[in-house]
Amino acid sequence: MADECKFEKPRGTRDFGPDEMYRRRLVEKNMRECFERFGYREIQTPTFENLELLTAKSGEGIIDELYDFTDKGGRRLALRPELTAPVMRFYVNEMQRETKPLKLFYLSNCFRYDRPQKGRYREFWQIGCELIGPNSPLAHSEVISLAYEALKSAGVQQIVLRVGSLGVLKPLITGLGLDGCDERAAMRLIDKSEYESLEKFLSEKGVGAADAKRFLATIRCKSIPDARALLSDSIGSELSVAFDYLDNVMRLLDSFGVANCTLDLAIARGLEYYTGLVFEIDAPLLGAEKQLCGGGCYSLVPLFGGLEVPTSGFAIGFDRTIVALEEEEYSFETPRSTDAFIVPVGDGGRLLECAAGISATLRKAGKRVEVDLMARSVGKALKYADKIGVKKAVLVGENELEKGAVLVKDLVSGEQMEVELRRLPECV
RNA sequence: GCCCGGGUAGUGUAGCCUGGUUAGCAUCAGGGAUUGUGGAUCCCUUAGCCCGAGUUCAAAUCUCGGCCCGGGCCCCA
């Protein structure tokens, strides 16, 4: 290299080479088709939005993790860090009167100013959906089964689905009698499954030992009857309704064919706008960054000035899905190779023009065709064609051209035959 | 933002601890042996110590800072 390259890609971004791009497109295709099987239609929103849209739901604190900037007109903008808020904005702007259910999905890049790790980048892709209108166990269990099936369609084998309910968790926490700030701190510990710290925390905040113990036992229950039994004497109607709802969802999930679904009342999703059902899907193989998907029921539309409407959805980390597939040594199908490799035998006369013309004719016939662009010798050209997996080589030489023909060599069998130019499309 | 490990041709690596030959090997790429016939073999060529400062007669090697990558935290909409 005479000159050293002076530029590197920005931290946390990636270049995708041909092999990797092929794999990503393949996985994209499999997942897109899954969303379409459930009746969802793809949409796209702008890469950047007004900053206030993105801070409206989570406060100014998230600016630290946003790529924000001011444009030449003085507008405060930011690259989107996720897609739920932009999609809801789109809905409020233009789709409120669409027939329901409105089923939308997306696959787009997002940006967060985070410390990069494996499966965690500053530019990353999310595939996900939003369901607008319906509000029922059937609708919500179908959303969860779509998340599960999308990952299965991608080819991921080992995934763990956990379903919880803020309709259950929130009243339970309220029952502890903490103030708002302490509730949030408790939620954080719950979400991280740090039960020892949580127990200590509750004790410090004056929660009675018996109440704390029962709370901890409840959120760790693996079945709804167990949880109900623990709470039997204190279960209010609000909690009871939430449990019934969750129970319905889990039974319907079973009917939708979702295996390995476990109850996890400790899912808090660290997010203010979730309202009821919540769920997460992990790939245990992935270590620290193992969460592939998160979602649930939420409320953003009123915040953006729209008419109240039930909304639910989820987002799958597309890059992590790829990492999971690689960890599982998923065998990606190999790209279809070139049908014909055209070798001008020398460069005399009109050989190059003939080779170009032949390639055009074959491409019009739908063939994948390459012409030797390196002016290789016949021997080198055949060697190269064999290496890249071409099935047929077409040798364009003067001797045959005089008869209006070329030589077609089958690189697998080694057989070679003379073919008239007009019959060539049938022979490759 | 914090802690730990790493960075040598395009790719994978040896060398570093214990400073001192022309930085070795494999693979890939291009060419040739073979100017009209591939898969083998042989030969040739291109190409590297992440960046900067310091210590030293001498730094890939030791020290410090930066950048980037990986593992773990914080966070994770």
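Chain letters run A, B, ... following the sequence lines, proteins first, then strands; residues in each count from 1.
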Taking a pair to mean Watson-Crick or G-U wobble geometry with both distances below 3.5 Å, B:rA47 pairs with none
So, A:Glu130 versus A:Tyr298: side-chain donor-acceptor pair below 3.5 Å or not? yes
Out of B:rC68, B:rC76, B:rG38, minimum distance to the side chain of A:Arg11 belongs to B:rC68
Side-chain atoms of A:Pro81 come closest, of B:rA77, B:rC76, B:rU37, to B:rA77
A:Ser153 and A:Arg37 side chains, donor-acceptor separation under 3.5 Å:
yes
**Prompt:** With a 4.0 Å cut-off on heavy atoms, is A:Gly414 in touch with a base, just the backbone sugar-phosphate, or nothing at all?
**Reply:** base
Applying the 3.5 Å cut-off to both distances, the Watson-Crick or G-U partner of B:rG12 turns out to be B:rC25
Under 4.0 Å between a Lys/Arg side-chain N and an Asp/Glu carboxylate O for A:Glu20 and A:Arg14? no
Quick note, side chain to side chain donor-acceptor pair (under 3.5 Å) partners involving residues 305-315 of chain A, not counting sequence neighbours, are none
Q.
Applying a 4.0 Å non-hydrogen cut-off, can you work out what A:Arg188 is touching in the nucleic acid: base, sugar-phosphate, or nothing?
A. sugar-phosphate
**Message:** Strictly below 4.0 Å, N to O, side chains only: are A:Arg162 and A:Asp282 in salt-bridge contact?
**Reply:** yes
Less than 4.0 angstrom between a side-chain N/O of A:Lys192 and OP1 or OP2 of B:rC76, yes or no? no
Open item on the list: So that I can tick it off, tell me whether A:Glu33 and A:Lys29 are bridged by a salt bridge, with the cut-off set at under 4.0 angstrom between side-chain N and carboxylate O.
Closed with: yes
Checking A:Lys392, A:Lys391, A:Arg368, A:Glu370 against A:Thr338 for side-chain hydrogen bond (donor to acceptor under 3.5 Å, both in side chains), the one that qualifies is A:Glu370
Ranking B:rC74, B:rC68, B:rG36 by distance to the side chain of A:Val378, first place goes to B:rG36
Exercise for the section: Determine the contact category for A:Gln291: base if any of its heavy atoms lies under 4.0 Å from a base atom, sugar-phosphate if only primed atoms, P, OP1 or OP2 are that close, otherwise nothing. Expected result: nothing
Mate of B:rA53 across any strand shown (Watson-Crick or G-U wobble, both atom pairs under 3.5 Å) is B:rU63
From the candidates B:rC75, B:rC68, B:rG36, the one with an atom nearest any side-chain atom of A:Glu400 is B:rG36
Can you check nucleotides 2-7 of chain B for protein contacts, nitrogen or oxygen pairs under 3.5 Å, and list what you find?
from  : atom 1 : to       : atom 2 : distance (Å)
B:rC2 : N4     : A:Arg115 : NE     : 3.1

| message | Under 4.0 Å from OP1 or OP2 of B:rG72: is there any side-chain N or O of A:Lys118 that close? | response | no
Check: Taking the six-membered ring of A:Phe111 as reference, does the NZ or CZ atom of A:Arg122 fall below 6.0 Å from its centre and within a 45° cone about the axis?
Finding: no
Among B:rG38, B:rA77, B:rG70, the one nearest any side-chain atom of A:Tyr273 is B:rA77
Assign A:Gly119 to base, sugar-phosphate, or nothing according to its heavy-atom contacts below 4.0 angstrom with the strands shown. nothing
Check your understanding: With a 3.5 Å cut-off and just heavy-atom distances, do the side chain of A:Asp64 and the base of B:rG1 make a donor-acceptor pair?
Key -> no
Taking B:rG30, B:rU37, B:rG70 as options, the one with an atom nearest any side-chain atom of A:Met374 is B:rG30
Look at the side-chain N and O atoms of A:Gln117 and state whether any lies under 4.0 Å from the OP1 or OP2 oxygen of B:rG72.
yes
For B:rU41, the nucleotide meeting Watson-Crick or G-U wobble distances (both under 3.5 Å) is B:rA33
note: A:Asp386, atom CG; B:rU37, atom P; distance rounded to Å ~ 16 Å
Among the nucleotides B:rG38, B:rC74, B:rG30, whichever has the atom closest to the side chain of A:Glu194 is B:rC74
Looking only at B:rC75, B:rA77, B:rG36, the nucleotide nearest the A:Leu407 side chain is B:rG36
inquiry  = Is A:Arg376 close enough to B:rG30 that one of its side-chain N or O atoms is under 4.0 Å from OP1 or OP2 there?
reply    = yes
B:rC75 -> Watson-Crick or G-U wobble partner, both distances under 3.5 Å, gives none
